[in-house]
Amino acid sequence: MLGEIRGLNEECGVFGIWGHPDAAQLSYYGLHALQHRGQEGAGIVVTDGQALRAVKGEGLVNDVFNESNLGTAKGYGAIAHARYTTAGGGGIENVQPLLFRSSTGTLAIAHNGNLVNANHLKQHLERSGSIFQSTSDTEVVVHLIKKSKKPGFRAQVKESLSLLKGAFSFLIITKEGMMVARDRNGLRPLSLGRLGDAYVVASETCAFDLIGAEFIREVEPGELLVITDGGIEEDRFVEMEKRAMCAMEYVYFARPDSNIDEINIHAARKRMGKQLAKECFGIEADVVTGVPDSSISAAIGFAEESGIPYELGLIKNRYTGRTFIQPTQELRERGVKMKLSPVVQVVKGKRVVMVDDSIVRGTTSRRIVNMLKEAGATEVHVVISSPPMKNPCFYGIDTSTSEELIASSKSVEEIREAIGADTLTFLSADGLVEATARAFDDETRGLCMACFTGDYPTEIFPDTVLPHVKELQH
């Protein structure tokens, strides 16, 4: 994916396993499969039943872990996290899993998503004496657990989770077991699997495939799973509300070989491309090409439906690593070319349909269009396999203000002019829903389309103080 130059990223991937002697090593492989979900930092917390041990650091999975530090991480239970920085910012103190030691016990927690009422809760917790060690919204949950007066750890976790608003998949590990929870709307994906006698959970099913685990089912919205040596117990902390899986998981974030709600991502993206071809009128072109990697499936679908041949017109350089922000426009343009190159022999003298998954700020789209035309393309028709992204996301995608989104202030025609395309077509909202086999009126199989429609499934900035939090002030 081109998140680093596109300006669109998602917060994190989580992985957990309980009941396997090589828990830390399997977590390392699981994080490899989830590396696309976060490249800022990675961590593993493992337990042998006596203590919890953390290995974490900033950078890619291969930068953080090695034979030495994984070799000392012995245990049969582990949770792991690959981080992309949104809420809380960077720094080693925010790399997860977060590990907390106290007189009442030790626990570690990993989180994918974003809590929209985290600051609201944090203010009241601090007034009641809580001292935060990080700027991550994830730490709020631990303080809520410690403040709860409910009898028993599970009841304390359930009460604390019920206070949260927003998107979350949580993994909590202690010496005794692992807890798994998903927000009441199911905004972020989370799946349950099995590897022999061990239970495995992961943000995406591609992690199961890598370690040879068998998929069991999705973790349900509002569900709490408690996994111990005695097996797995199914519980709930709240009832499921309107189902609202993030549509961008299907459009962009998830790997093509993953399944979400038993729908394969590659197949869904192909259907988006086919639907997009049906919605495009009057485009005459010679070749179809996709912006690698997340748009390839949609480009194949578009080519199949339109009858225009698919060609590899853009190549992604996978060995550039990160590039520093350059001070001049010329050097910024060169930085994009380091990561993406046109195949001149494919596009020269051709009318090109360029398929991409989204337009955020428009700067990268403009650079790619210019790149294709400089390579000799006579026309560049840009087709986008999602609707215009007009509204900020508060659930873990780093588009938190409308000013970051070109579609919030410009019409489709104005965007077309800004990126220099000959034509520009976006997939309709109904087309996206149809391609992912979803229906808005189906409570159990819905999508969060807030970034396209402005219809947010949760409160965004709660004004009221929740009853339990009021008690924390006294």
Side-chain angles (χ1 to χ4, degrees), residues 1 10-85 92 94-99 106-112 138 169-175 177-180 189-215 227 253-255 257-258 318-319 321-322:
M1 296 182 184
E10 200 267 352
E11 170 148 344
C12 315
V14 294
F15 179 91
I17 185 168
W18 189 270
H20 199 287
D22 298 319
Q25 288 75 16
L26 289 169
S27 296
Y28 165 78
Y29 288 116
L31 286 183
H32 260 291
L34 301 174
Q35 182 74 89
H36 60 288
R37 299 184 73 89
Q39 299 89 44
E40 306 284 340
I44 297 172
V45 171
V46 63
T47 183
D48 58 3
Q50 302 298 316
L52 268 64
R53 173 180 170 80
V55 181
K56 63 180 185 176
E58 295 182 277
L60 300 174
V61 171
N62 271 343
D63 298 328
V64 173
F65 304 106
N66 54 54
E67 187 175 353
S68 175
N69 58 30
L70 278 181
T72 60
K74 303 293 185 182
Y76 53 81
I79 62 173
H81 189 270
R83 175 176 172 79
Y84 174 76
T85 305
I92 187 64
N94 289 316
V95 175
Q96 298 186 28
L98 301 179
L99 179 61
T106 302
L107 66 85
I109 186 167
H111 172 207
N112 171 33
T138 308
S169 293
F170 275 116
L171 305 186
I172 301 172
I173 194 169
T174 67
K175 292 182 292 183
M178 178 171 67
M179 289 186 174
V180 180
L190 192 63
S191 294
L192 173 69
R194 190 154 191 167
L195 180 62
D197 295 329
Y199 285 100
V200 187
V201 289
S203 294
E204 291 185 37
T205 58
C206 62
F208 297 163
D209 297 334
L210 182 62
I211 65 170
E214 176 189 2
F215 171 80
I227 304 171
F253 294 125
R255 266 179 40 165
D257 54 336
S258 287
R318 304 179 187 280
Y319 305 101
R322 291 185 176 271

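Keep in mind that this is a model prediction, so the values were computed, not measured.
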K.L.:
CG/Leu171 to NE2/His81 distance, rounded to the nearest 0.5 angstrom?
P.N.:
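Interatomic distance, Leu171 CG to His81 NE2, rounded to 0.5 Å: 9.0 Å.
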K.L.:
Measure up the His32 and Tyr28 rings against each other and bin them: parallel (under 30°), tilted (30 to 60°), perpendicular (over 60°).
P.N.:
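Correct class here is perpendicular.
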K.L.:
What do the steps show when you test Arg37 against Cys12 for side-chain contact (heavy atoms from CB on, under 4.5 Å), and what is the final call?
P.N.:
CA-CA 5 Å; Arg37 299 184 73 89; Cys12 315; 5.9 Å; no
K.L.:
Shortest non-hydrogen contact from Lys175 to Gln50?
P.N.:
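Minimum heavy-atom separation between Lys175 and Gln50: CD-O, 3.0 Å.
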K.L.:
For Tyr29, look at atom OH and say whether over 12 heavy atoms of other residues, nucleotides or ligands are found less than 6.0 Å away.
P.N.:
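Result for OH/Tyr29: open.
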K.L.:
Under a 3.5 Å distance rule, please check whether Ser191 uses its side chain to pair with a backbone N or O of Glu204 as donor and acceptor.
P.N.:
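Flag not set: sc Ser191 to bb Glu204 has no pair under 3.5 Å.
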K.L.:
Is a side-chain donor or acceptor of Gln35 paired with a backbone partner of Val61 at a separation under 3.5 angstrom?
P.N.:
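Looks like yes, one N/O pair under 3.5 Å.
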K.L.:
Write down the atom of Phe208, the atom of Ala202, and the distance for their closest heavy-atom approach.
P.N.:
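Phe208 and Ala202 have their closest heavy atoms at CE2-CB, 3.7 Å.
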K.L.:
Might you point out which heavy atoms bring Tyr76 and Ala23 nearest each other, and give the distance in Å?
P.N.:
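Smallest heavy-atom distance, with atoms named: C-CB, 3.6 Å.
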K.L.:
What's the separation between atom OG in Ser203 and atom CZ in Arg255, rounded to the nearest 0.5 Å?
P.N.:
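Between Ser203 OG and Arg255 CZ, I get 12.5 Å after rounding to 0.5 Å.
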K.L.:
Is there a side-chain contact between Thr138 and Phe170 in this structure, where contact means two heavy atoms from C-beta onward sitting under 4.5 Å apart?
P.N.:
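Thr138 reaches Phe170 side chain to side chain.
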K.L.:
Applying side-chain hydrogen bond (donor to acceptor under 3.5 Å, both in side chains), can you list everything that pairs with Tyr199, at least two apart in sequence or on another chain?
P.N.:
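Partners of Tyr199 under the side-chain hydrogen bond (donor to acceptor under 3.5 Å, both in side chains) test: Arg194.
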K.L.:
Output the distance between atom CG (Leu99) and atom CD1 (Ile109), rounded to the nearest 0.5 Å.
P.N.:
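Between atom CG of Leu99 and atom CD1 of Ile109 there are 11.5 Å.
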K.L.:
Quick one: pull up CD in Gln25 and CD1 in Ile211 and give me the separation to the nearest 0.5 Å.
P.N.:
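The CD1 atom of Ile211 is 12.0 Å from CD of Gln25, to the nearest 0.5 Å.
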K.L.:
Go through it in stages, so that I can follow the logic: the residues are Ile227 and Val180, the test is side-chain contact (heavy atoms from CB on, under 4.5 Å), and I'd like the CA-CA distance, side-chain angles, deciding distance and then a yes or no.
P.N.:
CA-CA 8 Å; Ile227 304 171; Val180 180; 4.3 Å; yes
K.L.:
Any idea which heavy atoms bring Ala54 and Val45 closest together, and the distance?
P.N.:
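Ala54 and Val45 have their closest heavy atoms at CB-CG2, 3.8 Å.
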K.L.:
Only one of Leu31, Leu26, Ile79 passes side chain to side chain contact (heavy atoms under 4.5 Å, CB included) with Ile44; say which it is.
P.N.:
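The side chain to side chain contact (heavy atoms under 4.5 Å, CB included) with Ile44 is passed solely by Leu31 among Leu31, Leu26, Ile79.
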K.L.:
In Å and rounded to the nearest 0.5 Å, what is the CZ to CG distance from Phe215 to Leu192?
P.N.:
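Output value for this atom pair is 8.0 Å.
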K.L.:
Can any side-chain N or O of Asp209 pair as donor or acceptor with the backbone N or O of Ala33 at less than 3.5 Å?
P.N.:
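Flag not set: sc Asp209 to bb Ala33 has no pair under 3.5 Å.
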K.L.:
Got a donor-acceptor contact below 3.5 angstrom from the Asp48 side chain to the Ala51 backbone?
P.N.:
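It does hold such a pair.
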K.L.:
To the closest 0.5 Å, what do you measure between CD1 (Ile17) and CD1 (Ile173)?
P.N.:
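Rounded to the nearest 0.5 Å, the CD1-CD1 separation comes out at 10.0 Å.
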K.L.:
Quick one: closest heavy-atom pair of Gly38 and Ala82, and the distance?
P.N.:
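Shortest heavy-atom contact: O-CB, 3.7 Å.
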K.L.:
What is the minimum heavy-atom distance between Gln39 and His36, and which atoms define it?
P.N.:
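So the minimum-distance heavy-atom pair works out to NE2-O, 3.1 Å.
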K.L.:
Evaluate Val201 against Met178 for side-chain contact (heavy atoms from CB on, under 4.5 Å), listing each step before the verdict.
P.N.:
CA-CA 10 Å; Val201 289; Met178 178 171 67; 4.3 Å; yes
